[in-house]
Amino acid sequence: MIDVSCALITGHNGKVLVAQRSSVMRLPLKWEFPGGKVEPGETPEECLLRELAEELGVVVEIVKAMAPHEHAEIRLIPFVCVIRLGEIKLAEHAAFRWLGPDEMNTVDWAEADIPVVQQYLDGLKGT
Ligand SMILES: Nc1nc2c([nH]c(=O)n2[C@H]2C[C@H](O)[C@@H](COP(=O)(O)OP(=O)(O)OP(=O)(O)O)O2)c(=O)[nH]1
């Protein structure tokens, strides 16, 4: 099983940042929550901070851990985050968008992310 940390970065009136994988990445042009593989000796949280600095050029604060989801060989470990420092500059992704809850279904998600999107939307209903 490969652990992959990913971020639901919230901001802009409760919207969430989603990023599109580039045409040269695996899962080309699919939309995902930014993040990446947890490296040996690293916690999922440390991984997330590293990946978001590398991929987006921002420092985030982790607000909350969500439940992990397994899909094929990937265990996706999602965290709700907010940006504390920097502005989004894409190093690897093709594009990013801020999506409100009612817009979450408008992008072509990587399959592993669909339960994470659902979990996020379910959590909003409870608040
Ligand atoms: N980061 C991220 N990866 C995801 C998501 N959903 C999903 O299926 N994946 C898959 C795509 C990749 O096979 C794997 C993460 O690899 P990656 O390419 O984004 O991360 P990385 O920078 O650590 O990878 P690498 O190039 O160093 O091998 O998980 C998601 O929401 N976020």
Side-chain angles (χ1 to χ4, degrees):
M1 191 63 63
I2 301 166
D3 284 344
V4 175
S5 295
C6 69
L8 283 75
I9 301 175
T10 60
H12 296 273
N13 306 322
K15 296 190 177 194
V16 174
L17 186 143
V18 301
Q20 185 179 35
R21 296 178 68 85
S22 79
S23 52
V24 298
M25 293 164 94
R26 271 160 292 155
L27 307 176
L29 304 180
K30 293 284 185 181
W31 290 78
E32 67 176 10
F33 298 114
K37 296 185 196 103
V38 180
E39 296 192 343
E42 200 177 46
T43 65
E45 291 85 351
E46 287 166 346
C47 164
L48 192 69
L49 301 186
R50 175 181 55 74
E51 290 281 358
L52 297 179
E54 287 172 7
E55 295 182 353
L56 306 180
V58 294
V59 176
V60 300
E61 179 183 330
I62 295 174
V63 175
K64 181 168 105 132
M66 295 170 61
H69 285 279
E70 293 180 9
H71 176 80
E73 76 282 14
I74 303 250
R75 179 189 292 120
L76 204 51
I77 310 174
F79 296 93
V80 178
C81 305
V82 291
I83 295 176
R84 284 299 176 214
L85 217 61
E87 281 178 26
I88 305 288
K89 276 187 239 69
L90 297 181
E92 294 177 14
H93 289 90
F96 72 94
R97 290 178 60 188
W98 291 94
L99 297 184
D102 53 341
E103 298 170 307
M104 284 288 182
N105 293 327
T106 62
V107 296
D108 182 17
W109 287 102
E111 223 180 304
D113 292 68
I114 292 170
V116 178
V117 172
Q118 196 54 54
Q119 184 191 164
Y120 177 71
L121 294 176
D122 289 347
L124 293 180
K125 280 187 227 151
T127 57

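When a ligand or atom number is given, it counts from 1 through the structure's own listing order. The figures that follow rest on heavy atoms only: side chains count, while hydrogens, waters and symmetry mates do not.
- Note: L27 CG to D113 CG = 9.0 Å, rounded to the nearest 0.5 Å.
- Taking a 6.0 Å sphere around CD of E111, one finds it holds 12 or fewer heavy atoms contributed by other residues, nucleotides or ligands.
- One finds a salt bridge joining E54 and R50 here, because a Lys/Arg side-chain nitrogen approaches an Asp/Glu carboxylate oxygen to under 4.0 Å.
- When the shell of 6.0 Å around CG of D102 is examined, it contains more than 12 heavy atoms from other residues, nucleotides or ligands.
- Ordered by chain and residue number, the residues placing a heavy atom less than 4.0 Å from ligand 1 are V4, C6, R21, R26, L27, E32, F33, G35, G36, K37, E51, I74, L76, A112, D113.
- The side-chain heavy atoms of D108 and L29, taken from C-beta on, include no pair separated by under 4.5 Å.
- With hydrogens and angles ignored, the 3.5 Å screen pairs no side-chain donor or acceptor of S5 with any backbone N or O of G35.
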